[in-house]
There are 4 protein chains.
Amino acid sequence: MTDTPHRRGADRTEAIMRTTLELGQKIGYARLSMEAVAAHAGASKQTIYRRWSSKGALLLDSLLSLNEPGLDYPDTGDLVADLRAQIHAAVDLLAGPAFGPLFKALVGEAQHDPQVAAALNERLIAPQADKTVARLKAARDQGQLSPGFDLALAMAILSGPLYFQLLITQEQLTHEYVDRILDALFAGMRPRPPMPAAQAGPPPTPGPHRRARG
Amino acid sequence: MTDTPHRRGADRTEAIMRTTLELGQKIGYARLSMEAVAAHAGASKQTIYRRWSSKGALLLDSLLSLNEPGLDYPDTGDLVADLRAQIHAAVDLLAGPAFGPLFKALVGEAQHDPQVAAALNERLIAPQADKTVARLKAARDQGQLSPGFDLALAMAILSGPLYFQLLITQEQLTHEYVDRILDALFAGMRPRPPMPAAQAGPPPTPGPHRRARG
Amino acid sequence: MTDTPHRRGADRTEAIMRTTLELGQKIGYARLSMEAVAAHAGASKQTIYRRWSSKGALLLDSLLSLNEPGLDYPDTGDLVADLRAQIHAAVDLLAGPAFGPLFKALVGEAQHDPQVAAALNERLIAPQADKTVARLKAARDQGQLSPGFDLALAMAILSGPLYFQLLITQEQLTHEYVDRILDALFAGMRPRPPMPAAQAGPPPTPGPHRRARG
Amino acid sequence: MTDTPHRRGADRTEAIMRTTLELGQKIGYARLSMEAVAAHAGASKQTIYRRWSSKGALLLDSLLSLNEPGLDYPDTGDLVADLRAQIHAAVDLLAGPAFGPLFKALVGEAQHDPQVAAALNERLIAPQADKTVARLKAARDQGQLSPGFDLALAMAILSGPLYFQLLITQEQLTHEYVDRILDALFAGMRPRPPMPAAQAGPPPTPGPHRRARG
DNA sequence: AACTAATCGAGACGGTACGTCCAGTCTTGGA
DNA sequence: TCCAAGACTGGACGTACCGTCTCGATTAGTT
């Protein structure tokens, strides 16, 4: 029988997360209450609290349920192209209509809930960062980057401006913006064995969307 | 008469903001309620709502009242040293015990309150960013940076990693971390007319605290 | 000059009472606040509190300002006809759209404000009752009522059922109801020198609207 | 298990009504707030509002909980004696220290809350009035009253003066006053086949407490 | 087939805070 | 000197959720 009024276990878990996403998208994740999720999911509050200790925990699980596979890095041999492809994909997700508001709400929760902050890092941020670091490491191993290159620092430098744009200035995150950052950074990051010296800022190397502003 | 029990206007404004800071520091800004601020400030809720439309607005004004003068940039002629000095100061503030938790709470609010987000940008982020941009512009005007150098982008690249550390990974923000970022970036940003060619990543030029990690 | 923005004394008093009546009629006397009266009258709250110590006091004065002359008794020699005429007039006022709601609100206030209760009695109830008593006394003096007739008691018996209808059952007060009460009462109250014996209840004497119900 | 900290339903209902009575008696029903009842009853406001939509509704239920059985009429065969007994009992209740202030407050509420007015009539006034009417009807059926006697009207005439005294003049309601009214009225109401003719007003027949005043 | 244990929805409960309204007092500045 | 305008504290309003807690009904997995 599949039409029993309330089924058990995983059934309920999934229904609650789906309701969280739908309702959050409709009314905003800030206005979303455990009460409302319970009512709309046809679940009791007890059932929700059995599984998630806070709204943040529920949001995080709901968000992760959207993106089980994660974003994978290509390795075409061209580091900059690979990073660009991956960051474009990440930006499409983070700044997209489904994921974006939820992610921002989650970061908001993380600012006053250490448990959410920790879980957010462990389950969403770190896995993605690890992939970037792995790709950079491959490049370093192949001599495309100097041996002393600080991979984690590079990752932070690549990611930071995006989060700044997303969380602080709250302007739209575009591929063009990503490209400008990559162009600016790789003038400095790239080793320059043959070339005389890469120009700083927007380097002469033509990026697809590069345009100076300052 | 100056000793009336409640003098008007500015008096109450200041008392409420002071209470917000004290109480927020004691119990945490997330647990801080308008109700509690009113009670501890000896003010009525009406008086608070007359001035601030939301907790976020109150937090922002309270935070700004801590830092009326703002941080000013030196201009010693040495761009990197000047940026380092200013960013150290900014980090001391942002990651310090008084300002830090409040600022994080405010960014949290900004994630679900567009008014707070806008005010945060206009009144806290932009003024500071403008100073960085001005210092960079002076350097560019003096030929220390290439003419096409994108000042706003550079500002985002300099700031981004710090906010990433503060808001996402929530690790401690140290001077040493700032130095590593500056070292890594300025290998690429700096124009290199005289120098042979700065190596990317952690450049060979010894920065004060540089240490590889990846 | 008559168009100064705020004139003094009696001017203000009258404006405030007029506003009380208008606003009370529009939104109901229960929902009427001192605040609203002040705002609509273009007066400050201070000015209102200077003249009236409570909403009840203001209501009472406003009500009395409607009815300065009061209701006067005719004395045509026919007691029952005179009482009927006067009570009809009183009922028209008390149950009318202008006076009625205000009077009911005032009685409501009187139930928890002894000052209002006292003022209501002294300034509204007693003066009217006195006229009824005076008319009854004239009748007694002329031998139309027995010498031991208790005038005040008769007044209470005549009035009581009307207030019961107005305040408790809240049904419509009609002339017909007044007549039925008078008919029933005067079968007992009237002395019967010549007649053999007046029938009790609805007496046989034809009243204009008499009709049995029980 | 019967000792759970808060058992359900009726428990809370009763505790809240008891608190309403106690607190109302102590501080006055006008000054009684839902807030205070909740606090003193150890209940949340929600719990109160779940059961009663307004202070008036709560007052009415609390009052009725004082008087579950109601007042019953004797039928000794002597109509006047029975009415007197019953009205004495009613007056003892209405003008007594427990019931009186509460009843007056309730009538006050009824003046601006039609729901309270309706409930007051249905649940308190009408049941009692019905008993009076029933007793009068028995008397009429036995020929003690004329066949055309209007029972409902008589009830209003009997009750009205008491409510007038209680609500308007706010003087003390005594058995003596009740007796004077009954004496005055029954001179007219009573059929007088055998008797010579009852005098109106205070009839010559000596009632137990009769005394002229006018 | 009946029993047991787990799980569910429903929703009552004490609480805390919300944002609003009004009471009654006080201050300021203009007429 | 009187006024309007309106700021101020304080208290209550009625509502929304929180997280905890019964309560029966339903279901699975034993016996």
How long is the line joining NZ of C:Lys55 and P of E:dG24, in whole Å? 11 Å

Whole-Å distance, A:Ile16 CD1 to E:dG9 P, equals 7 Å

Please pick, from F:dC3, E:dA10, E:dA12, the nucleotide with the shortest atom-to-atom distance to any side-chain atom of A:Ser44. E:dA10

Between CD of B:Gln46 and P of E:dC18 the distance, given in whole Å, is 14 Å

Is C:Lys104 close to C:Tyr29 at the side-chain level, that is, under 4.5 Å between some pair of heavy atoms? no

Using the side-chain contact (heavy atoms from CB on, under 4.5 Å) rule, pick out the option among D:Leu59, D:Leu166, D:Leu60 that qualifies with D:Phe103. D:Leu166

Starting from C1' on E:dC18, measure out to CH2 on B:Trp52 and report it in whole angstrom. 18 Å

Rounded to whole Å, the OH-C1' distance (A:Tyr49 to F:dC21) equals 13 Å

B:Asp113 vs B:Lys55 side-chain heavy atoms within contact, under 4.5 Å: no

Identify, between B:Ser53 and A:Lys45, the residue whose nearest nucleotide on DNA chain E lies closer to the 5' end. A:Lys45

Distance in angstrom units between B:Ile48 CD1 and E:dC21 C1', rounded: 17 Å

Heavy atoms only, 4.0 Å cut-off, all strands: where does D:Ser33 land among base, sugar-phosphate and nothing? sugar-phosphate

How many whole angstroms separate atom CG of B:Leu23 from atom C1' of E:dT16? 15 Å

If only side-chain N and O atoms count, and only distance matters, is there a donor-acceptor pair under 3.5 Å linking A:Thr13 with A:Arg51? yes

Any side-chain N or O of D:Arg51 under 4.0 Å from OP1/OP2 of E:dC13? yes

Lys/Arg-Asp/Glu bridge criterion (N-O < 4.0 Å) met for C:Lys26, C:Glu22: no

If the cut-off is 4.0 Å, is C:Thr47 near the phosphate of F:dA4, judged by side-chain N/O to OP1 or OP2? yes

Closest-nucleotide mapping onto DNA chain E: is B:Ser54 or D:Arg50 further toward the 5' terminus? I mean the 5' end. D:Arg50

Whole-Å distance between E:dC22 P and D:Arg31 CZ? 21 Å

Separation between CD1 of B:Ile16 and CG of B:Asp11, rounded to the nearest 0.5 Å: 10.5 Å

Hey, is CD on D:Gln115 packed in by over 12 heavy atoms from elsewhere, all under 6.0 Å? no

DNA chain F-proximal residues of residues 34-41 of chain D, any heavy atom under 4.0 Å: D:Met34, D:Glu35

